[in-house]
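Here is the naming used below: chain letters follow the sequence lines, and residue numbers restart at 1 for every chain.
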Amino acid sequence: MKKSVINLSSISQKYVMALAGIFLMLFLIFHLATNLLMLAGDGGKAFGAAVEFLTGNPAIKLMEYVLFAGFLIHILLGVLLEWHNYRARPVKYHKSMRSETSTFSRFMIHTGIIILIFLIIHFMNFFFVRLGLVAIPEEPGIVVRDEHDFFSMAVIWFKNPLYSAIYIVSFVFLAFHLKHAFQSAFQSLGLNHTKYTPAIKVIGTIYAIAISVGFAIIPIYFYFFYVP
Amino acid sequence: MNFILKIWRQKNAQTKGSFKTYLLKDVSPEMSFLEMLDYLNKQIIGNGGEPVTFEHDCREGICGSCGLYINGRPHGPMRNTTTCELHMREFNDGDSIVIEPWRARAFPVIKDLVVDRSSFERIMHAGGFISVNTGSAPESNSNPVSKTIADKAFDAATCIGCGACVAACKNSSAMLYAAAKIAQYAMIPQGKVEAKERVDKMVKQMDAEGFGFCSNTYSCEFDCPKGISVDFIALMNREFFSSKVCKQKQT
Ligand code: HEM
Ligand code: FES
C-alpha cells in the first residue's frame, strides 16, 4: 500500500515534524523578546536598534532561510499527515463519543491553518515590505522612515482595531496549537519519563500562555495607550 | 430491562452495510453484553432471520476477540473492561445502544460486527518473536532483570490485541498495539538481542498496513481494556530512533 507522498516511516515523519516544531517554538521566544522592546516607551529606539542589528547580521540572514525551511517542512508534513490519517478510516463512525483526552490535539490542523493564514498576513505587512515587494504603509501623522522602520509600521497597523483584533485572535489559536504541541513533541521524540513528563506538560501550558499573552499585549498597548 | 439496539448489518466484505434497529425486551441486568447479543440472536433465529455475527471466544477478557464499538466507545462505556466483561446493569432501562464494528482501513469488515484483524498478525509476524529457543523458565536469579523492568515488560505483554486502540484513535493508528508488542521484548534480556531489527521491521509492517500516524491524543490509552500506557509509544519511538541512528550490519 502506498503510504505517503514522501517516503518516510510514520515515526520518522513525526520525528521531523517535532524537531521542526521545536525549532519554531524556540524562534517564537526569540521573536517575542525582540518585539517586547517595542513596549520600552522610547519611541521605538531600542526596537529599531535590535532590528538593525538583526537585519545586518549574516548569521541571522542564514537563520532566516533555516526558519523558512522549518516552516515549510512542518506545514508540508502536517498537511500530508492529516491527509494520510483522514484516509486511514474510510467509513466513519455513526456515533462517536470523544474519550476524555486531549482536546487540542484533535484540532492541530485547524489551528495550524489559522496560524498559516496569520503568517501570510504577517509577511505581507512586514517581511515583504522590507524586501520591497509590498509598498510601505502610509498614514497621516505617522512617518515611516524606510522599509526597515517596523516600529512605525506596527503603530499604523495596531491603531486599526480590526487588524489588532485579528492579530490577538490568531494568538489565541496559536496558544491552542502550542498547548498540545509542546508535550507532544517530547512524546514523538520518545522523551518520556514518569518523573519529568508531568513537569513537561505544565511547562508546555505555561509556554503556550506566555507566548500568546506576550504577543497579544503589544497591539493592546498600541491601540489603547500609545500616543505617536 | 428493555433496550433499543441499533446494530450494523453487513452481509460480507463486498456489500454495503446499514444499521438495523431491534427492540429487545426482558434483558436481565446480570447478562453480559455478549449474552445480551446471544439473547437477541435467539429471537432473530426464532423469527427465521439471519443472526447478528460478532466475534467472541474466551468471554473472560483475555483473548481480545470481542471488540465492539458501543455507543461511541470501544468496548462500551466502562474503562479497563472488554465487551465480554461489560454487563447490562451498566446501562439504563430503555437506553438505545448503537453497536458498530471497528472502523479502519486496515480492519475491513468481514460480516456484520466482525472485522479482519490479520493486519495485527502481520505486524507480529514481521518481528514480534525471539528467534532462538530461550528454553523453559530459568533459575529465577540467573537473569539480570530488575523487578521494575520485569513488571513493566509484563504490563506491555498484557495487550490482548483486540484493536480498541485503533478503533479509539481519530487517526486509526496502531501505535499503541505495536508499541506494546515491541516493548514487551525490548525491555528484557532475551528480547534485547534483536531489539533494533525488530522495531524496524514491525514499524515498517505497521505502515504498510495503512494505519494512521500518531497525534499523541492518547485516547488509545484511555480506551484500552488493559490500560496499556502511552509511555510504551515513547519507548518505541526511542527504540526506532536508535535503530536508525545506530544501525548495525546484520551478519
Ligand atoms: C509558529 C508556528 C508553529 C509552531 C511553533 C508549531 C509547533 C508544533 C509542534 C511542536 C507540534 C508537535 C509535533 C509532534 O506532535 O510531534 C506541532 C504539531 C502540528 N502542527 Fe504545528 N506549529 C506551528 C505552525 C503550524 C502550521 C502553520 C501548521 C499548518 C498546517 C501546523 C500544523 C501542525 C499539525 C497538523 C500538527 C499535528 C501533528 C499530529 O497530529 O501529529 N503547525 N506543531
Ligand atoms: S471474548 Fe475474549 S476478550 Fe472478550
So which atom in B:Met206 and which in A:Ser10 form the shortest heavy-atom distance, rounded to 0.1 Å?
CE-OG, 3.7 Å
Specify the closest pair of heavy atoms between B:Cys214 and A:Lys14, including all atoms of both residues, with the distance to one decimal.
O-NZ, 2.8 Å
One pair to check against side-chain contact (heavy atoms from CB on, under 4.5 Å): A:Ile11 and B:Met175. What are the steps and the verdict?
CA-CA 9 Å; A:Ile11 298 181; B:Met175 292 279 279; 4.0 Å; yes
Pick whichever of B:Ala167, B:Cys169, B:Ser229 has the most heavy-atom pairs under 4.5 Å with chain A.
B:Ala167
Measuring only between side-chain heavy atoms, which start at C-beta, is B:Phe240 closer than 4.5 Å to A:Ser9?
yes
Looking at CZ of B:Arg238 and CG of A:Asn192, how far apart are the two atoms once the value is rounded to the nearest 0.5 Å?
6.5 Å
Check whether more than 12 heavy atoms from other residues, nucleotides or ligands sit under 6.0 Å from atom NZ of B:Lys201, and answer yes or no.
no
Where on A:Tyr15 is there a heavy atom nearer than 4.5 Å to chain B: the side chain, the backbone, both, or neither?
side chain
Any side-chain heavy atom of A:His94 within less than 4.5 Å of one from B:Lys6?
yes
Portion of B:Tyr69 that has a non-hydrogen atom of chain A nearer than 4.5 angstrom:
side chain
Shortest non-hydrogen contact between B:Arg103 and A:Arg89, atoms and distance:
O-NE, 2.6 Å
Look at A:Ser184, A:Ala88, A:Ser102 and state which one has the largest set of heavy-atom pairs under 4.5 Å with chain B.
A:Ala88
Nearest heavy-atom contact between A:Ser188 and B:Asn237 is O-ND2, 3.2 Å
B:Ser172, B:Pro77, B:Ser215, B:Ala106: which one forms the most heavy-atom pairs within less than 4.5 Å of chain A?
B:Ser172
Return yes if a side-chain donor-acceptor contact under 3.5 Å exists between A:Ser105 and B:Asn216, otherwise no.
no
Taking only residues two or more places apart in sequence or in another chain, which ones pass salt bridge (Lys or Arg N to Asp or Glu O under 4.0 Å) with B:Asp112?
B:Arg9
For the residue pair A:Arg106 and B:Lys170, what are the closest heavy atoms and their distance?
CA-CE, 3.7 Å
Heavy atoms only, distances under 4.5 angstrom: which of A:Leu189, A:Leu81, A:Thr197 has the most pairs with chain B? Name it, please.
A:Leu81
Step through the shown structure and confirm whether more than 12 heavy atoms of other residues, nucleotides or ligands are within 6.0 Å of CZ on B:Phe19.
yes
Given that the side chain runs from C-beta out, which part of A:Thr194 has a heavy atom under 4.5 Å from chain B: side chain, backbone, both or neither?
side chain
Under the ring-ring contact (aromatic ring centres under 6.0 Å, His included) rule, collect the residues that match up with A:Phe182, sequence neighbours excluded.
A:Phe186, A:Tyr207
Can you name the closest pair of heavy atoms from A:Asn85 and B:Phe213 and give their distance?
OD1-N, 2.7 Å
Leading residue by heavy atom contact count with chain A [cutoff under 4.5 Å; candidates B:Leu235, B:Val230, B:Asp231, B:Val98]
B:Asp231
Tell me whether A:Lys92 at atom NZ has more than 12 heavy atoms from other residues, nucleotides or ligands lying less than 6.0 Å away.
yes
Just wondering, do B:Asn71 and A:Met97 contact through their side chains at under 4.5 Å, heavy atoms?
no
Checking heavy atoms, do the side chain of A:His193, its backbone, both or neither come under 4.5 Å from chain B?
neither
Go through B:Ala234, B:Ser219, B:Gly212 and name the one with the most non-hydrogen pairs under 4.5 angstrom from chain A.
B:Ala234
